[in-house]
Protein chains: 2
Amino acid sequence: MAKTVSERNDVLPILGEIFREYGFSGASLAVITARTGLGKGSLYHFFPKGKVEMAEAVLNHIDQWFEENVYIPLRENQDPTAGINVMFQAVNDYFYSGNRVCLVGVFALDNTRDKFSKKINDYFSAWINSLAIALKRNGMSTHEAKIVSEDIVAGIQGALVLARSQNDPKVFTRTLKSLQKRALDR
Amino acid sequence: MAKTVSERNDVLPILGEIFREYGFSGASLAVITARTGLGKGSLYHFFPKGKVEMAEAVLNHIDQWFEENVYIPLRENQDPTAGINVMFQAVNDYFYSGNRVCLVGVFALDNTRDKFSKKINDYFSAWINSLAIALKRNGMSTHEAKIVSEDIVAGIQGALVLARSQNDPKVFTRTLKSLQKRALDR
DNA sequence: TATACTATGTACCAATTGGTACAACAATTT
DNA sequence: AAATTGTTGTACCAATTGGTACATAGTATA
């Protein structure tokens with residue numbers, strides 16, 4: 001039983017990369033079996049509801065990671081500035097300094113959003129809200145903190161789009177720097 | 001012959017909406033025939049190379065629109081501030097105040113990017129460069145203008161992702177205001 | 001009105017799609 | 001070692017995929 005859980009979890013990162021690259025509808029079972037090395041038998045054993053369940057599991061996995069490495073530091077770090085810096089570092093790492101795209105963003109744009117609307121909505125809400133808390137604890141007004149945190153999360157997503165469109169990860173790191181300054185300069 | 005061209009052009013906006021909603025791989029010929037009202041016969045008459053040619057035509061169409069309504073005003077308006085304001089107004093209109101997503105952004109994120117990399121790259125480059133010109137003419141240094149225009153275009157793309165993920169167009173209009181201020185405050 | 005070109009509907013195609021059924025195999029528990 | 005449970009490969013399925021062939025219908029020009 002422990003085996004089951006761990007084997008299933010081991011595939012999630014691979015599935016994540018596949019969905020990132022191909023999008024939901026582009027990720028055919030053919031590429032999924034090829035890249036994971038699991039046959040349909042195993043795949044449907046671990047994810048009886050097929051592709052949808054795979055994507056849900058990946059989204060949950062991502063959510064967990066961000067909760068732990070981004071949202072909690074933002075909300076709970078003694079020093080809000082330190083928390084914000086932790087976020088920027090974690091984000092830079094997570095997106096491989098601009099070489100990796102945001103799965104949630106990929107799903108959000110086209111109509112696969114409808115299949116996972118709650119998860120997608122929650123992901124960005126949690127991020128924006130956590131960041132706003134840190135900004136407030138750092139002296140911003142409630143209103144300004146809301147605006148700025150929205151701007152920053154949007155800026156990160158847009159920077160990923162841009163970096164990928166230009167095939168130039170530096171666009172991401174550059175924009176990220178800019179946003180970090182914006183979060184901390186006061 | 002004039003008929004041909006106009007009929008073909010008439011379909012482009014519809015095709016654009018389809019690709020926006022479904023992404024490239026999700027946009028099946030079944031939905032394309034249904035939504036455009038054109039059978040395969042006509043479709044492959046106008047676009048002999050199929051889906052790829054349709055998408056290329058749509059991208060060209062978008063490019064033209066932005067050149068005319070966004071890039072030229074930015075680069076050539078007597079008053080750079082006015083040019084920048086024209087851009088923000090045009091962008092707000094084009095994206096239906098946050099109810100519509102950016103096709104180029106949709107294509108950029110997953111691996112359909114590879115099929116249209118040049119067009120996608122050029123779209124954002126032209127936008128960023130044109131905006132940077134206006135910012136410079138408005139007194140910014142070359143370096144700052146580059147950074148800021150990149151931040152703004154990224155911010156717009158991210159705002160579209162966010163607005164769609166939250167199913168709340170106001171996120172877009174809000175962020176757009178924020179960015180406009182950033183472009184003009186000095 | 002005859003001619004030429006454009007546009008379209010229909011039938012068809014092989015390949016791929018996501019998914020199911022199930023028998024066989026492997027690993028734990030008892 | 002027997003029984004139970006977890007895992008996997010294979011064969012199969014109907015539906016859909018993007019695309020082609022082509023005869024016909026429509027339209028403009030000469």
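Just the heavy atoms: all of them, side chains too, but no hydrogens, waters or symmetry mates, feed the values below. What you are looking at is a predicted structure, and each value in this text was computed from that prediction instead of being measured. Each chain gets a letter, A, B and so on, in the order its sequence line appears, and its residues count up from 1.
Each of C:dT8, C:dG18, D:dT8 was ranked by its minimum atom distance to the side chain of A:F46; first place goes to D:dT8. Each of C:dT8, D:dT17, C:dT17 was ranked by its minimum atom distance to the side chain of B:E7; first place goes to C:dT8.
Put simply, the side chain of B:K40 and the base of D:dG19 share a donor and an acceptor less than 3.5 Å apart.
To the nearest angstrom, P of D:dG18 lies 12 Å from OH of B:Y22. The separation between B:L43 atom CG and D:dA21 atom P is 17 Å, rounded to whole Å. Rounding to whole angstrom units, CG of residue A:N9 and P of D:dT7 are separated by 12 Å. The distance between atom OH of A:Y44 and atom P of D:dT7, rounded to the nearest whole Å, is 18 Å.
At a threshold of 4.0 Å, the pair B:K119-B:E56 does not count as salt-bridged, since none of the basic side-chain nitrogens sits closer than that to a carboxylate oxygen.
The cationic group of A:K115 does not satisfy the cation-pi geometry with A:F24, failing either the under 6.0 Å distance to the six-membered ring centre or the 45° limit from the ring axis.
Proximity of A:S42 to the phosphate of D:dT7: no side-chain N or O atom is located under 4.0 Å from OP1 or OP2. Dashed line: the shortest gap from a side-chain N or O of B:H45 to OP1 or OP2 of C:dA7 is under 4.0 Å.
In this structure, B:F124 and B:W127 have parallel ring planes: the angle between them is below the 30° cut-off, well short of the 60° mark.
Judged by closest nucleotide on DNA chain C, A:L29 is the one of A:L29 and A:G41 placed further toward the 5' end.
Of the residues in residues 48-58 of chain A, not one comes within less than 4.0 Å of DNA chain D through any heavy atom.
Taking each heavy atom of A:R20 and A:Y94 in turn, the nearest pair found is NH1-OH, 3.6 Å. The heavy-atom pair separating B:R164 from A:N111 by the smallest distance is NH2-CA, 3.7 Å.
Side chain of B:K146 to backbone of B:N129: no donor-acceptor contact under 3.5 angstrom is found.
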